[in-house]
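Notes follow once the structure below has been shown.
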Amino acid sequence: MAASSSESDVAPILQVAHTSAHMRRHCHEALQSEGPCIVLAGGTRAERQQTFGTIIDLADQNALQFRAASLVGERRKHTQNSLRKVFDSGSEERALLFVDGLDTLLTWHHVDEPATTDEDAMPSTAEYFFQRVESYLYPVVLGVDNAVHVDALRQCSPHLVITHGSPEGTAV
């Protein structure tokens, strides 16, 4: 139940029950950081939602939550517009954001994605999302159904990663 990190710049990974005092302490510490990012990985949506409830209690601020599947559109510009609205709304309200089911966003392919990467091309949807997370001034909680996506979310420099169930496992 102890946090583990191999390097000082790597977020602690906790595998604990959502009510654990240990988890609450680590969440409280993460929320004290500038622009904190917390990842909830694996488990069921209900388990992640319950852990998010604990984080809301600790943050003591407004919270907005979204399912990634509701933010993706057929074209990149539609998805990026939805993401922009999410982060802009959050900024206006100085809110803690929770985006769950990010597996969808991380694996989504738009009909207008270029075949090659060009320096002048628009960023991919995942890159755009990571840029928005990094520039957001308030807490962000990111949820993934399958813990294998935690490595992709390391681009957001999370302050804390909380796994539900097996760290390698998928939602039950």
Interatomic distance, [X] atom [atom1] to [Y] atom [atom2] [nearest 0.5 angstrom]:
X: Arg45; Y: Gln50; atom1: CZ; atom2: CD; result: 14.0 Å
X: Leu96; Y: Leu64; atom1: CG; atom2: CG; result: 8.5 Å
X: Asn62; Y: Ile56; atom1: CG; atom2: CD1; result: 10.0 Å
X: Arg84; Y: Ser89; atom1: CZ; atom2: OG; result: 9.0 Å
X: Ser82; Y: Lys77; atom1: OG; atom2: NZ; result: 12.5 Å
X: Phe66; Y: Phe87; atom1: CZ; atom2: CZ; result: 9.0 Å

Polar contact flag, side-chain donor to acceptor under 3.5 angstrom, Glu134-Gln155: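 Checked: Glu134/Gln155 side chains show no N/O donor-acceptor pair below 3.5 Å.
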Residues His164 and Thr44: side-chain donor-acceptor under 3.5 angstrom: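 Checked: His164/Thr44 side chains show no N/O donor-acceptor pair below 3.5 Å.
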Shortest non-hydrogen contact from [X] toward [Y]:
X: Gly101; Y: Ala68; answer: O-CB, 3.3 Å
X: Ala30; Y: Pro36; answer: O-CB, 3.0 Å
X: Tyr138; Y: Gly90; answer: CD1-O, 4.5 Å
X: Ser91; Y: Tyr136; answer: OG-CE1, 3.4 Å
X: Asn146; Y: Asp103; answer: N-OD2, 3.0 Å

How about [X] and [Y]: do any of their side-chain heavy atoms sit closer than 4.5 Å?
X: Ile162; Y: Val39; value: no
X: Thr79; Y: Arg75; value: no
X: Glu29; Y: His159; value: no
X: Val99; Y: Val140; value: no
X: Leu160; Y: Cys27; value: yes
X: Thr54; Y: Met23; value: yes
X: Gln65; Y: Val141; value: no
X: Leu153; Y: Leu106; value: yes

Residue pair Asp88, Arg132: steps toward the side-chain contact (heavy atoms from CB on, under 4.5 Å) verdict: CA-CA 10 Å; Asp88 289 352; Arg132 293 307 301 242; 2.9 Å; yes
Working for side-chain contact (heavy atoms from CB on, under 4.5 Å), residues Val72 and Thr104: CA-CA 8 Å; Val72 295; Thr104 303; 4.2 Å; yes
Leu40/Val144 under side-chain contact (heavy atoms from CB on, under 4.5 Å): CA gap, chis, key distance, verdict: CA-CA 6 Å; Leu40 307 180; Val144 289; over 6 Å; no
Matching residue for Leu142 among Val150, Ile38, Asp100, Leu102 - test: side-chain contact (heavy atoms from CB on, under 4.5 Å):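 It is Leu102; the other options fail the test.
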Over 12 foreign heavy atoms within 6.0 Å of CD, Glu34: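 Atom CD in Glu34 is not packed in, count stays at 12 or less.
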Aromatic plane relationship, Phe52 with Phe98 - under 30° parallel, 30 to 60° tilted, over 60° perpendicular: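 Geometry flag for Phe52 against Phe98: parallel rings.
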side-chain hydrogen bond (donor to acceptor under 3.5 Å, both in side chains) between Gln61 and Glu93, worked out: CA-CA 9 Å; Gln61 67 188 106; Glu93 295 189 33; over 6 Å; no
Ring center gap for Phe130 and Tyr128 short of 6.0 angstrom: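 No, they do not, as the ring centres are separated by 6.0 Å or more.
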Carboxylate-amine/guanidinium proximity below 4.0 Å for Arg48 and Asp145: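 Result for this pair is yes, salt bridge flagged.
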